[in-house]
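These notes are about the structure you will find just below.
All of these numbers come straight from a predicted model, not from anything done at the bench. Hydrogens, waters and symmetry mates are skipped; everything else that's a heavy atom, side chains included, is used. Below, read A as the first sequence line, B as the second, and so on, with proteins coming before strands; counting in each chain starts at 1.
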Amino acid sequence: MAQKPSIPKGTRDFNAEAVAKRSYIIETTKEQFQLYGFQPIETPSFENSETLMGKYGDEGDRLIFKILNSGNFLFEKNTIELPESLNTLMLKSLDELSISEKIELNKFTDGISGKALRYDLTVPFARYVVQHQNDIVFPFKRYQIQPVWRADRPQKGRFREFYQCDADVVGSKSLFQEVEFVQLYDAVFNALKLDGVTIKINNRKILSGIAEVIGAQDKLIDFTVALDKLDKIGEEKVKEEMRSKGISEEGISKLQPLFSLKGDFGNQVKSLKSILSVSEIGLEGIKELEFINTAISNLKLKTATLQLDVTLARGLNYYTGAIFEVSAPEGVKMGSIGGGGRYDDLTSIFGKPDTSGVGISFGLDRIYLVLEELGLFPNTITDATKVLFINFGEKEALACLEAVTQLRQKGIKAELYPDAAKMKKQMTYANRRNIPYVVLVGKEELESKMFTLKTMETGTQEKLKLQDLLQALL
RNA sequence: GUGGUUGUAGCUCAGUUGGUUAGAGCGCUGGUUUGUGGUACCAGAUGUCGUGGGUUCGAGUCCCAUCUUCCACCCCA
């Protein structure tokens, strides 16, 4: 036997059932997006390298799949210039390179690879907005559901090819957008019958404010990354990490009230206010949160809960205001199943400043796993063939095909077994495909122009005229 | 990127300190039943033991490399 074929690490094949379940999630989500006024767009699978590189931090750059240019690099006309410090570069890992060496390496990489696979949907979306700004009507509400690729190490619920499902609005600073996104999360998960999710909310301005109060403005990212781990590694380890990042003991002690922050939205806000009383930006963040919370309390959510979580930080690189994260209902072991936030400056990297955006994302693969675990996929999802015609031979098969054609015209999913195989084999085929009805047309039926309809589950069968057969299967 | 883990039949997995011809269950094919499936019984087929090197008289078993699986970290959806 030849060597078994395989697929690359971190990729998957989907069978009919998986496709049906995935499209159920996607279609349900799309429906809600459209109810909220979002329009679909799509962007290419790969972008020019410079569109993506440098937008996700060093860590992100490392995980971008680069596409090798085609052609013969050694051919006279295409020759690539090797970096001057080639020998040094060969001895160092990415982290050890100096800035000038990095520039040199990037230049070389650009020479052999000018394109890269899409790493997320947000940056290509920003590119889209800037590129088509004259045709777009602002505020621009779009949704996008497409695969993205990351050269990551796969883990549970983490792949190298996976779908993202984003909805964003650009060109409006209104906090009503945030309010609507909270409602949208609630609506989508409600439509998926996934009750009891928690929508956690925070605000980058509050994080900035806290960093300011403890004198760690310059270490904002280190500070928030550490704080973000609170429910995972606990208070002591978080403090330890902050110390190791050079945050002062005095500052850490000022954080103490933060660790014991409890209670409902109102109480948390109260204690936050006292911590942040000297920080203008922090108080602004609180004001924004209060606005959103008040609106949501008045509007009411169907099944989700809105919760303030000051430790929520997420990929901080572009969020500037509200930060969202959705976690699965209690009892389900799964990380976040969605996230998002406001970014005030994303399009300025492509030359269009002052365009505020806010958006949310759904973790399709994880939602799939959660729905699977809780048994929330409807049974009707995989409606396969309803009736199989047993093939007794050429003449009989021909008569069957006529009936099959008529059934199909009535919208009944019907098929004829292609070969005049043994009856047992054909029946087994029906069983394995979960086809509930079988029609037998042999010599006898052919002469009397009747059809024997057999219900597989009960084993009962009856002889019917074509008209009655149609009726019975409708 | 760091540390660990996994790979044997279509699937799930056994396989002793290295020792003749590598096994089980399920599935598959055929038969009991030449026009009636799921059950039962009978018979049968299937493996470059992930791949490539090495050690050895001898390797599924030991060593090295590589790919793959899963997990923790980093990061993230």
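- Helical stems of RNA chain B (runs of at least 3 Watson-Crick or G-U pairs, donor-acceptor distances under 3.5 Å) are listed by first residue: B:1-4 with B:70-73, B:10-13 with B:23-26, B:28-32 with B:40-44, B:50-54 with B:62-66.
- B:rA77 has A:F162 stacked on its base ring, the centres lying under 5.5 angstrom apart and the planes within 30 degrees of parallel.
- Separating the CD1 atom of A:I7 from the P atom of B:rC67 is a distance of 17 Å, rounded to the nearest angstrom.
- With sequence neighbours excluded, no residue forms a side chain to side chain donor-acceptor pair (under 3.5 Å) with A:D222.
- Per the geometry, CZ belonging to A:F324 stands 19 Å off C1' belonging to B:rC76, to the nearest Å.
- Between the CG atom of A:L369 and the P atom of B:rC70 there is a distance of 12 Å, rounded to whole Å.
- Heavy-atom contacts from other residues, nucleotides or ligands closer than 6.0 Å to CD of A:E42 number 12 or fewer.
- When only modelled atom types and interatomic distance are considered, A:Y143 and A:D168 share no side-chain donor-acceptor pair under 3.5 Å.
- Contacts of residues 461-474 of chain A with RNA chain B (heavy atom under 4.0 Å): A:Q461.
- For the P atom pair drawn from B:rG27 and B:rA22, the interatomic distance equals 25 Å after rounding to whole Å.
- A:G60 comes within 4.0 angstrom of nothing in the nucleic acid, heavy atoms only.
- The residue A:R433 sits apart from the nucleic acid: no heavy atom pair falls under 4.0 Å.
- Using atom C1' as the reference point in both B:rA14 and B:rG52, the two lie 27 Å apart (nearest Å).
- Judged by atom type and distance alone, A:R158 reaches the base of B:rC75 through a side-chain donor-acceptor pair under 3.5 Å.
- With sequence neighbours left out, the salt bridge (charged side-chain N to carboxylate O under 4.0 Å, His left out) criterion links A:K463 to A:E444.
- Heavy atoms of other residues, nucleotides or ligands lying less than 6.0 angstrom from CD of A:E27 number more than 12.
- Residue-level contact check: A:E396 touches neither bases nor backbone, having no heavy atom under 4.0 Å from any strand.
- Nucleotides B:rC70 and B:rC64 have their P atoms positioned 24 Å apart, rounded to a whole Å.
- The ring of A:F377 has its center closer than 6.0 angstrom to the ring center of A:Y368.
- Taking every side-chain heavy atom of A:R150 into account, B:rA77 is the closest of B:rA77, B:rG30, B:rC75.
- Within the 4.0 angstrom heavy-atom criterion, base atoms lie near A:F159.
- Taking the side chain of A:Q155 as heavy atoms from C-beta on, and the options B:rA77, B:rC74, B:rC28, the nearest nucleotide is B:rC74.
- When heavy atoms are screened at a 4.0 angstrom cut-off, A:G10 is found touching the sugar-phosphate backbone but no base atom.
- B:rG7 and B:rU2 have their C1' atoms separated by 23 Å, with the value rounded to a whole Å.
- Taking the ring centre of A:Y319 as origin, the terminal cationic atom of A:R342 falls outside the region bounded by 6.0 Å and 45° from the ring axis.
- Dashed line: the shortest gap from a side-chain N or O of A:K422 to OP1 or OP2 of B:rG37 is not under 4.0 Å.
- Rounding to whole angstrom units, CZ of residue A:R160 and P of B:rC76 are separated by 18 Å.
- The environment of OH in A:Y128 is crowded: more than 12 heavy-atom neighbours from other residues, nucleotides or ligands sit within 6.0 Å.
- Taking 4.0 angstrom as the limit, A:K425 places none of its side-chain polar atoms (N or O) nearer than this to OP1 or OP2 of B:rC28.
- In this structure, A:K454 reaches the bases: a heavy-atom distance under 4.0 Å links it to at least one base atom across the strands shown.
- More than 12 heavy atoms of other shown residues, nucleotides or ligands fall within 6.0 angstrom of atom OH in A:Y429.
- When the P atom is used for both B:rA45 and B:rG30, the distance is 15 Å, rounded to whole Å.
- Using a 4.0 Å cut-off on heavy atoms, the residues of residues 441-449 of chain A that approach RNA chain B are A:G442, A:K443, A:E444, A:E445, listed by number.
- The distance from atom CZ of A:R12 to atom P of B:rU69 is 12 Å, rounded to the nearest whole Å.
- Mapping A:E241 and A:T11 onto RNA chain B by nearest heavy atom places A:T11 closer to the 5' end of the strand.
- Proximity note for A:E59 (side chain, C-beta onward) versus B:rG27, B:rG37, B:rC74: the nearest is B:rC74.
- Going from the C1' atom of B:rA9 to that of B:rG44 covers 15 Å, rounded to whole Å.
- Side-chain proximity of A:M456 to B:rA72, B:rU69, B:rG37: nearest is B:rG37.
- The two residues A:D61 and A:L52 come nearest to each other via the heavy atoms OD1-O, 4.4 Å.
- Under a cut-off of 6.0 angstrom, the local environment of CD in A:Q34 is crowded, with over 12 non-hydrogen atoms contributed by other residues, nucleotides or ligands.
- Remark: P of B:rU34 and CE of A:M423 are 10 Å apart, rounded to the nearest angstrom.
- Comparing the C1' positions of B:rU29 and B:rU48 gives an interatomic distance of 24 Å, to the nearest angstrom.
- Evaluation of atom-type donor-acceptor distances gives a pair under 3.5 Å for the side chain of A:R153 against the base of B:rU2.
- As a whole-Å value, the separation of A:M427 CE from B:rU29 C1' is 19 Å.
- A centroid separation of 6.0 Å or more is found between the aromatic rings of A:F362 and A:Y163.
- Closest contact between the side chain of A:K424 and the listed nucleotides B:rG37, B:rG35, B:rC75 involves B:rG37.
- Comparing B:rC28 with B:rG37, their P atoms sit 15 Å apart, to the nearest whole Å.
- A:E457 has its CD atom 17 Å from the C1' atom of B:rU36, to the nearest Å.
- Ranked by how close their nearest RNA chain B nucleotide is to the 5' end, A:P8 and A:Q164 are led by A:P8.
- Here the two rings, on A:F38 and A:F181, have centers that are under 6.0 Å apart.
- A cation-pi arrangement is present between A:R150 and A:Y119, with the terminal nitrogen or guanidinium carbon under 6.0 Å from the aromatic centre and inside a 45° cone about the axis.
- Taking A:D152 as the reference, A:R158 meet the salt bridge (charged side-chain N to carboxylate O under 4.0 Å, His left out) condition, with sequence neighbours excluded.
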